[in-house]
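The shown structure was predicted, so the numbers you read here are calculated from the model rather than taken from an experiment.
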Amino acid sequence: MIRTRFAPSPTGYLHIGGARTALYSWLYTRRHGGRFVLRIEDTDRERSTPEAVNAILEGMVWLGLDYDEGPFYQTERYERYREHLQRLLEEGQAYRCYCTRERLDRVRAEQQARKEKPRYDGRCRDLSAPPSDEVSDEPVVRFRTPLEGHVVVDDAIRGKVQFHNSELDDLIIARGDGTPTYNFTVVVDDLEMGVTDVIRGDDHLNNTPRQIHLYAALGVEPPRFAHVPMILGEDGKRLSKRHGAVSVLQYREEGYLPEALLNYLVRLGWSHGDQEVFTIDELVQLFDIDDVNHSASTFNPSKLLWLNQQHIMHAEPAHIARHLAPFLSARDVDPTEGPALEAVVRAQQERAKTLVEMAEASLFFYRRPAAYDEKAAKKNLTSESAGILEHCAHRFSGLPSWTGEEIHAVVTGAAETFDVKMGKVAQPLRVAVTGSTVSPPIDVTLELLGRDETVARVEAAAAWAQRPESQSPAE
RNA sequence: GCUCCCAUCGUCUAGUGGUUAGGACGCCGCCCUCUCAAGGCGGUAACAGGGGUUCGAAUCCCCUUGGGAGCGCCA
């Protein structure tokens with residue numbers, strides 16, 4: 001059975017790049033009926049924070065990327081690493097290195113000055129006793145990397161990638177204080193957690209040959225690897241916390257649907273013919289890791305926005321209503337007091353790119369506009385339109401029932417009566433009830449708003465339109 | 001600097017030796033229209049460059065160029 005994992009380090013929130021990696025792992029696992037494990041790589045105690053852990057967990061929940069096991073915390077697994085470390089030491093596959101940081105820094109600087117690739121020079125590799133000078137009292141443990149030959153990473157996305165062992169050096173697997181480092185903990189965890197497929201960012205491809213050696217030293221077969229390309233910011237640089245990468249939770253705040261974000265992310269590096277819009281179920285059916293592209297891609301906010309609109313348009317109104325409600329509440333509107341939220345959603349569904357937009361554009365359904373938009377009022381609430389508004393208010397009051405059809409008939413009737421175009425009736429009405437020139441079709445809008453509220457607002461607007469100042473001689 | 005990865009419209013991509021190089025976002029125009037949208041139609045725009053291989057290369061190979069990543073007692 002396939003087992004994958006997502007292994008973020010809690011040094012910041014869950015951002016776009018991490019979310020896509022998680023998505024790919026998740027989709028791949030769901031597609032093949034495997035198990036998805038969440039592991040928090042918090043061995044960097046300096047920078048890991050509980051807030052970041054929470055932000056990551058919350059991001060996963062919002063995106064709907066559920067995991068079958070975990071979260072496991074590496075800091076709770078030190079015993080496991082210690083055991084393996086001990087074994088490597090005993091078998092001579094690892095050794096203590098007494099070099100001081102100062103010596104290491106100096107060696108590195110010298111190598112760079114000589115335009116060489118910086119790497120450990122192996123001073124302690126074959127020592128039987130600690131060296132006599134420049135000795136650290138807290139020795140680290142290094143892994144004995146083969147000097148000759150090469151390793152091949154058989155990557156599910158990139159194919160075979162070959163590295164010469166001469167390019168590798170003896171990496172530190174345990175710090176001076178005895179705590180294990182990344183390249184060692186991933187290997188131990190992935191093998192102990194039975195991970196069959198390691199799906200991770202491209203930036204780890206260079207670590208993979210070392211890890212393959214570690215697997216060999218521990219006597220196990222390495223998992224299958226899949227290195228997914230990076231996501232670049234609009235400046236072409238790798239997306240990072242410092243570089244324009246925003247938290248996925250920020251997209252929630254900006255009114256994006258999780259399925260839209262996921263849809264956008266999956267298409268960044270993967271495709272299925274010409275299809276652009278996918279449901280999560282479709283993705284689970286169609287996605288496979290070896291179809292992922294080789295090249296890095298650039299984050300394109302306007303396409304994400306379009307996709308969000310697509311998902312808003314095609315989703316069930318009830319689903320959108322659930323996501324929309326908090327945005328209304330945040331604007332001091334109680335969506336249960338006024339037209340049914342689902343009906344409002346239906347009316348707004350194809351004219352909002354985000355839930356924020358939809359909430360803003362729907363406020364007038366729940367409370368009277370504080371003021372008429374200045375330009376809108378000047379153009380539409382005139383002494384001429386006042387008569388039309390009064391006429392409409394009167395007819396609305398007399399309607400046998402309050403339906404869109406009858407409302408529509410009143411509007412078209414008014415246009416005929418006054419011998420004007422539809423716009424000369426609809427727009428003043430729109431300004432009267434919404435305060436602006438934008439809303440769903442006028443009959444739909446008024447029907448939702450209700451007869452009493454409509455008549456009240458239209459009469460108020462008619463009165464406003466007739467006040468002396470609106471015919472100010474300054475015109 | 002060294003090693004590794006990558007290279008089709010501005011962006012995301014289809015393409016796997018023979019296509020007028022397709023789609024999508026964006027942008028522009030037109031249509032529809034009570035506003036805003038949505039929708040429809042049309043337009044703009046790409047195979048980084050150079051060598052090969054081949055009857056024939058976006059597709060295969062090499063070089064160059066460009067971009068990215070790694071080279072920590074970070075992950």
Considering only nitrogen or oxygen atoms on both sides, find all protein atoms under 3.5 Å from nucleotides 1-3 of chain B and state each distance.
from  : atom 1 : to       : atom 2 : distance (Å)
B/rG1 : O2'    : A/Lys115 : O      : 2.3
B/rU3 : O4'    : A/Glu167 : OE1    : 3.3

Answer with base, sugar-phosphate or nothing: what part of the nucleic acid does A/Ser297 contact at a heavy-atom distance below 4.0 Å? sugar-phosphate

Counting only side-chain nitrogens and oxygens, does A/Asn293 get under 4.0 Å of the OP1 or OP2 atom of B/rU13? yes

Check: B/rG22 base within 3.5 Å donor-acceptor of A/Asp274 side chain: yes

Please report the shortest heavy-atom distance between A/Asn183 and A/Leu214, naming the atom on each side. O-CD2, 3.6 Å

Got a sec? Which of residues 343-355 of chain A come in under 4.0 Å of RNA chain B, heavy atoms? A/Glu350, A/Arg351

Using the six-membered ring of A/Phe143, assess whether NZ or CZ of A/Arg210 lies under 6.0 Å from its centre and within 45 degrees of the ring axis. no

Of the nucleotides B/rA24, B/rA7, B/rG72, which one has an atom closest to the side chain of A/Glu276? B/rA24

Hey, does A/Thr43 reach any base, or is it just sugar-phosphate, or nothing, if we go heavy atoms under 4.0 Å? sugar-phosphate

Regarding B/rC34, can its base be found pairing with the side chain of A/Arg430 as donor and acceptor, where the two atoms are less than 3.5 Å apart? yes

Just to be sure I understand the rule, does A/Ser271 reach a base, reach only the sugar-phosphate, or reach nothing, if contact means heavy atoms closer than 4.0 Å? sugar-phosphate

Reckon A/Pro440 touches a base, only the sugar-phosphate, or nothing at all at heavy-atom distances under 4.0 Å? base

Might you confirm whether atom CG of A/Asp419 has over 12 heavy atoms from other residues, nucleotides or ligands at distances under 6.0 Å? no

Kindly point out which of B/rC5, B/rA75, B/rC73 is positioned nearest to the side chain of A/Arg108? B/rC73

Answer with base, sugar-phosphate or nothing: what part of the nucleic acid does A/Gly176 contact at a heavy-atom distance below 4.0 Å? base

